[in-house]
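See structure below.
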Amino acid sequence: MKRILLLCFLLMNSVIQNLNAQQRYLDEYFSNVTVTPNIVYGKNYQDFQGLNLINLKLDIYSPTGDTQAIRPLIVYLHTGSFLPVLINQTPTGARTDSATAEMCRRFARRGYVVASIDYRIGWNPSATGSSAQDVRTGTLLQAVYRALQDAKTAVRFLKMSVDSLSNVYKIDVNKIVVCGQGSGGYVALAYASLNNFNNEIAGLSSGKFISGSTEPVYHIVSSQPYVNQDTMGDFEGFGGTAGFNYANHPTYTSSVNMVVNMGGAMGDSSWLENGDIPMVCFHVPNDPFAPFTHGMVVVPTTGDNVVYVAGSYDVINRADGFGNNDVFNIPYNDPYTTRANQVNNGHNGLFPFVEPDPSLFITGDPFHGQAGPWEWWDSTDMQTLASINGYPSSAAVAGIYGGGFYTNPNMSKAKAMAYIDSIQGYLAPRMVQALALPGMYDGIENVIDVSITIVVAPNPSSADFEILSRQSPIQSYELYDLAGKLISSAMLKDVASFTVTGKDLSKGIYLLTVNTQKGKAVKKLVVE
């Protein structure tokens, strides 16, 4: 008798544990994250003279204790205006930035493996003289181009690690997302759309990527593209001139499944074509540096014009028009999608963060717009920044004049975390859809709803199914067969769980509709 009671206790305990389990990828499934830093993923030349061959490094974030053999990969690109930290007049611009590291940890806790990469930076935003515009435009485009090559190098390295390093990072090479934050967002969008140099750069009818003057030190030639592939190599980072480009891991592909842009833009809307991979964009509509619809990119440090681009709204509008984002067209009932849909004009995959004008906070603010509300930094960094800009190092003055406070005047860690919550919540079901991960909506199995998670255990079963709603009390349910015939139903009194008896059902697949206070979810029951 005691043995039977013990077995019953163990069985019940197992069921309870299953019912309380988080759903991998949709929820933060793991408690802890392991970081493996400073992995060299390639090398290439840093400057314009081909004199400085540097190592390119990344940090790997993975869920601690994960036993899954392979996991989807996220390659993450930090912000920084393609300039060094502080030189860009902000305390951000590295793969270890606060917001970057937090995003990587959040992804890893959901079950992904994440590679936060550095990439080559450097351009001339302060050029003067008659050719200043060409130097600004040309060197920034070259910086984005080098960063794109480095991102593709990182993807190829991580694919190569599956073979040469016995898949030490446990990567599923068929499920990869590139996510870019700030200037990294420009690179992510270019990654998804640039594939024909002659048409999209050299032959673009507007001619905006063609130089009007010659600057040999930057390999800029009048009436030629600012980016010289004969010198810099192609999009992949192959070819080019010895001493100026180094080919890394050429036997592997750089293909990915999805991109995410946080506050970046696309060099030209014509880059985006029918059949390009799905994309999601987060953007503050009054961002002064990266336009929300379309407009001129300006130098954060001077306000000078650089190049005319397509912002997140125009990008997602075009992607949706082509049907590239159709994979996201599923039922949602989460608060993040609800909020996004209130302000995105019906464009699935676009989450505008509507923010007040900073001039309401800062007297004399010259930029009139907010950017990067997911960013935060500590006061020590800001004091250092204020000091090198020639301002007093008091916290009050640093808070006003230190670079990032112009466009994030009420910056705080709490504010940043709230925005990161929204980014992660909006992305979670869409990444599951784009990568075809467990929990995806296929019209039968699940209604993706990050605010209502229905757990069924065991499933399949030949006996009883235990049904649990973690977020919202259950009011009723209906059970249908695949022909749409109602098999059973019941009104419930706001319960957390209930049981469906399977022993009287014929073998097969049934659809269970669970109605809660917050909404409806559908699960597939398999009777063995």
Taking every heavy atom of Ile210 against every heavy atom of Ala202, the minimum-distance pair comes out as CD1-O, 3.7 Å
Hey, are Asn329 and Asn348 close enough side-chain-wise for a donor-acceptor pair under 3.5 Å?
yes
Note: Ala132 and Ala127 closest approach over all heavy atoms is CB-O, 3.4 Å
All heavy atoms of Thr214 vs all of Ser222, minimum pair found to be OG1-N, 3.0 Å
The reported gap from CG in Leu158 to CD1 in Ile74 (rounded to nearest 0.5 angstrom) is 12.5 Å
Any side-chain to backbone donor/acceptor pair from Asn245 onto Gly237? Under 3.5 Å, distance only.
yes
Run the side chain to side chain contact (heavy atoms under 4.5 Å, CB included) test on Val113 and Lys170 for me, step by step, so that the C-alpha distance in whole Å, both residues' side-chain angles and the decisive distance to 0.1 Å come before the verdict.
CA-CA 8 Å; Val113 57; Lys170 298 183 179 180; over 6 Å; no
Determine whether the side chains of Tyr313 and Asn345 contain a donor N or O and an acceptor N or O closer than 3.5 Å. yes
Taken to the nearest 0.5 Å, the spacing of Glu200 CD from Glu273 CD works out to 5.0 Å
Check: Lys43 main-chain N/O paired with Asn248 side-chain donor or acceptor under 3.5 Å
yes
Within the structure provided, determine whether Phe353 and Ser422 are in side-chain contact (heavy-atom separation under 4.5 Å).
yes
| field | Heavy-atom side-chain proximity of Met431 to Arg110 below 4.5 angstrom | value | no
- Ion pair Lys57/Asp118, N-O distance below 4.0 Å: no
Phe292 side chain near Asn286 side chain, heavy-atom distance below 4.5 Å = no
Hey, are Tyr76 and Gln181 close enough side-chain-wise for a donor-acceptor pair under 3.5 Å? yes
One should read off an interatomic distance between Phe328 CZ and Met258 CE, to the nearest 0.5 angstrom, of 4.0 Å
Q.
Is it true that Ser131 and Asp134 share a donor-acceptor pair across their side chains at a distance under 3.5 Å?
A. no
Tightest non-hydrogen contact, residues Cys179 and Met262, listed as SG-SD, 4.2 Å
Q | Donor-acceptor pair, side chain of Asp97 and main chain of Thr100, under 3.5 angstrom | A | no
Could you tell me if Gln433 and Arg430 have a donor-acceptor pair between their side chains, going purely by distance under 3.5 Å?
no
message: Just by distance, no angles: are the side chains of Thr96 and Asp59 close enough, under 3.5 Å, to form a donor-acceptor pair?
response: no
Donor-acceptor contact present, side-chain Arg136 to main-chain Asn305, <3.5 Å: yes
Expected output: side-chain Arg120 to main-chain Tyr45 donor-acceptor under 3.5 Å: yes
Gln149 side chain vs Met232 backbone, donor-acceptor pair below 3.5 Å:
yes
Side chain to side chain contact (heavy atoms under 4.5 Å, CB included) between His347 and Val315, intermediate numbers included: CA-CA 10 Å; His347 295 306; Val315 166; over 6 Å; no
**Q.** Main-chain N/O of Val307 paired to Thr137 side chain as donor or acceptor, under 3.5 Å
**A.** no
Taking atom types as modelled, find out whether Asn344 and Asn341 have a side-chain donor-acceptor pair closer than 3.5 angstrom.
yes
So CD1 of Ile201 and CG of Asn228: to nearest 0.5 Å the spacing works out to 12.5 Å
Are Ser270 and Leu272 close enough, and set up right, to give a side chain to side chain contact (heavy atoms under 4.5 Å, CB included), and what steps lead you there?
CA-CA 5 Å; Ser270 67; Leu272 191 59; over 6 Å; no
CZ (Arg106) and CD1 (Ile423) are apart, to the nearest 0.5 Å, by 9.5 Å
| message | So Ser213 and Ile220, do their side chains get closer than 4.5 Å, heavy atoms only? | response | no
For Tyr426 together with Phe282, are the ring centres under 6.0 Å from each other?
yes
Smallest heavy-atom separation, Ala108 atom then Val114 atom, equals N-CG2, 4.0 Å
Checklist entry - Can you find a heavy atom in the side chain of Asn324 that is under 4.5 Å from one in the side chain of Pro278? => result no
Tightest non-hydrogen contact, residues Val173 and Ile176, listed as O-CD1, 3.5 Å
Given 3.5 Å as the limit, does a donor-acceptor pair link the side chain of Glu375 with the main chain of Ala99, or not?
no
**Asked** Quick one: do the Tyr336 and Asp421 side chains pair a donor with an acceptor below 3.5 Å?
**Response** no
Check your understanding: So, Lys159 side chain and Ser255 main chain: donor-acceptor pair closer than 3.5 Å or not?
Key -> yes
Exercise. How far apart are the C-alpha atoms of Tyr119 and Arg95, what are their side-chain angles, what is the distance that settles it, and do they pass the side chain to side chain contact (heavy atoms under 4.5 Å, CB included) test?
Worked result: CA-CA 9 Å; Tyr119 51 86; Arg95 70 180 190 272; over 6 Å; no
Flag side-chain contact, heavy atom, 4.5 Å: Ile420 against Trp376:
yes
The single option from Phe209, Tyr186, Tyr191 that satisfies ring-ring contact (aromatic ring centres under 6.0 Å, His included) with Trp271 is Phe209
In Ile117, Val75, Leu58, the residue satisfying side chain to side chain contact (heavy atoms under 4.5 Å, CB included) with Phe157 is Leu58
Q. Taking C-beta and beyond as the side chain, do Phe235 and Val227 meet within less than 4.5 Å on heavy atoms?
A. no
Next on the checklist: Please check: side-chain N/O of Glu215 versus main-chain N/O of Val221, any donor-acceptor pairing under 3.5 Å?
Outcome noted: no
message = Which label fits Phe197 and Tyr145: parallel for a plane angle under 30°, tilted from 30 to 60°, or perpendicular past 60°?
response = perpendicular
Would you indicate whether the side-chain heavy atoms of Tyr41 and Arg156 approach each other to under 4.5 Å? no
How about OH on Tyr246, more than 12 heavy atoms from neighbouring residues, nucleotides or ligands closer than 6.0 Å, or not? no
Rounding to 0.5 Å, atoms CG (Asp268) and NE2 (His294) come to a distance of 12.0 Å
| said: Whether Arg146 engages the ring of Phe82 as a cation-pi pair (distance to the six-membered ring centre under 6.0 angstrom, angle to the ring normal within 45°) should be assessed. | reply: no
